[in-house]
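Along the sequence shown, the residues carry numbers beginning at 1.
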Amino acid sequence: MSEVKYESKVCSIPNCAENVYKVLSNLDNLNRVKDMIPQDKVQELEIGFDYIRIKVDGLGQKITIRIVDTIENDTIKFGVEGVPMQANFWIQLKELAPLDTRIKLTLKADIPMMFKLMLDKKLQKGLDDAAQMLTQFPYNQWL
């Protein structure tokens, strides 16, 4: 196993860090966009206040992503359960101006070397795409 770290591109959200944090730290808000998740990739999806449980195509088992720690208006840390490796990720927020909050996603995981080469580009693209998607949420409407 080799511990690897992936970081998304830094993206800008036209809102204050407090509003972004309030929306993203309540995973129930994902119910508003779950229809956008490709049905061919996810067979089952369960969303709670502090967790998401999904069955992903190809894994054959449910994985749980759970909020494990937060720093108000700054960081949301997630743990990943149900996968055969250690993994966690976090969302970092930095407010530069009242309507300019920067967001970055970071993933840290122990990945076997033989899978690392196959997953590198997919994991990086997934983080970049997720960060970009988070800039599109209507944060003021979801409070």
Side-chain angles (χ1 to χ4, degrees), residues 1-112 115-116 118-143:
M1 294 276 190
S2 171
E3 185 174 273
V4 292
K5 183 177 177 180
Y6 299 92
E7 295 179 330
S8 73
K9 296 176 184 172
V10 176
C11 296
S12 179
I13 298 174
N15 213 310
C16 67
E18 179 181 6
N19 289 350
V20 174
Y21 174 83
K22 283 180 181 176
V23 169
L24 296 181
S25 63
N26 177 354
L27 297 180
D28 274 331
N29 284 309
L30 292 176
N31 281 308
R32 301 169 191 253
V33 295
K34 72 179 182 181
D35 293 338
M36 299 170 64
I37 298 170
Q39 297 301 311
D40 62 326
K41 304 289 185 211
V42 176
Q43 286 85 35
E44 299 174 33
L45 175 63
E46 179 185 342
I47 299 171
F49 175 77
D50 67 346
Y51 73 93
I52 303 166
R53 188 168 294 122
I54 57 176
K55 186 174 181 183
V56 179
D57 185 41
L59 284 181
Q61 64 190 35
K62 286 187 179 182
I63 63 170
T64 301
I65 300 167
R66 184 178 310 278
I67 295 176
V68 295
D69 193 18
T70 60
I71 299 172
E72 191 168 347
N73 305 334
D74 183 87
T75 306
I76 306 166
K77 278 189 140 175
F78 300 84
V80 181
E81 305 164 5
V83 293
M85 64 182 133
Q86 286 288 97
N88 58 46
F89 71 96
W90 54 98
I91 298 172
Q92 293 171 278
L93 306 172
K94 180 159 181 72
E95 186 175 297
L96 299 183
L99 293 177
D100 184 9
T101 297
R102 302 299 165 99
I103 187 169
K104 180 173 78 170
L105 308 182
T106 303
L107 168 70
K108 195 183 284 188
D110 287 329
I111 300 176
F115 293 119
K116 184 181 177 311
M118 294 186 318
L119 296 175
D120 266 348
K121 290 181 183 176
K122 290 180 182 181
L123 289 173
Q124 186 62 57
K125 181 177 178 353
L127 278 180
D128 289 338
D129 290 351
Q132 185 60 44
M133 180 189 73
L134 293 175
T135 69
Q136 307 300 314
F137 285 4
Y139 290 95
N140 289 338
Q141 295 174 20
W142 290 3
L143 292 173

For Glu18 and Asn73, which heavy atoms make the closest approach, and how far apart are they?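 For Glu18 and Asn73, the tightest heavy-atom pair comes out as CA-OD1, 3.2 Å.
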Nearest heavy-atom neighbours spanning Leu27 and Ile65: CD1-O, 4.5 Å
Check whether any side-chain heavy atom of [X] sits under 4.5 Å from a side-chain heavy atom of [Y], and report yes or no.
X	Y	answer
Thr135	Ile13	yes
Leu127	Phe89	no
Tyr139	Leu24	yes
Lys108	Trp90	yes
Ile111	Leu123	yes
Cys11	Gln136	no

Drop me the distance from [X]'s [atom1] to [Y]'s [atom2], to the nearest 0.5 angstrom.
X	Y	atom1	atom2	value
Ile67	Ile76	CD1	CD1	6.0 Å
Asn19	Glu95	CG	CD	9.0 Å
Lys62	Leu45	NZ	CG	10.0 Å
Ile52	Thr64	CD1	OG1	10.0 Å
Leu105	Phe78	CG	CZ	9.0 Å
Leu93	Thr75	CG	OG1	7.0 Å

Working note: Lys77 + Asn88, criterion side-chain contact (heavy atoms from CB on, under 4.5 Å); need CA distance, chi angles, decisive distance, verdict. CA-CA 7 Å; Lys77 278 189 140 175; Asn88 58 46; 5.8 Å; no
Quick one: side-chain hydrogen bond (donor to acceptor under 3.5 Å, both in side chains) partners of Tyr6, sequence neighbours excluded?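 Tyr6 satisfies side-chain hydrogen bond (donor to acceptor under 3.5 Å, both in side chains) with Asp120 only.
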Just by modelled atom types, is the Asn26 backbone N or O under 3.5 Å from a matching donor or acceptor in the Asn29 side chain? yes
Backbone of Asp28 reached by a side-chain donor or acceptor of Asn31 within 3.5 Å: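 At least one qualifying donor-acceptor pair exists.
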Is Glu3 atom CD crowded by more than 12 heavy atoms from other residues, nucleotides or ligands, each under 6.0 Å away? yes
For the residue pair Asp100 and Ser12, confirm or rule out a side-chain donor-acceptor distance under 3.5 Å. yes
Please name all residues satisfying ring pair (Phe, Tyr, Trp, His ring centres under 6.0 Å) with Tyr21, sequence neighbours left out, ordered by chain then number. none
Please determine whether side-chain contact (heavy atoms from CB on, under 4.5 Å) holds for the pair Glu46 and Tyr51, giving the CA-CA distance in whole Å, both sets of side-chain angles, and the decisive distance to 0.1 Å. CA-CA 8 Å; Glu46 179 185 342; Tyr51 73 93; 2.8 Å; yes
Does anything in residues 6-16 form a salt bridge (charged side-chain N to carboxylate O under 4.0 Å, His left out)? List the pairs, not counting sequence neighbours. Lys5-Glu7, Glu7-Lys104
side-chain contact (heavy atoms from CB on, under 4.5 Å), that's the test. Do Gln92 and Arg102 meet it? Break it down for me. CA-CA 8 Å; Gln92 293 171 278; Arg102 302 299 165 99; over 6 Å; no
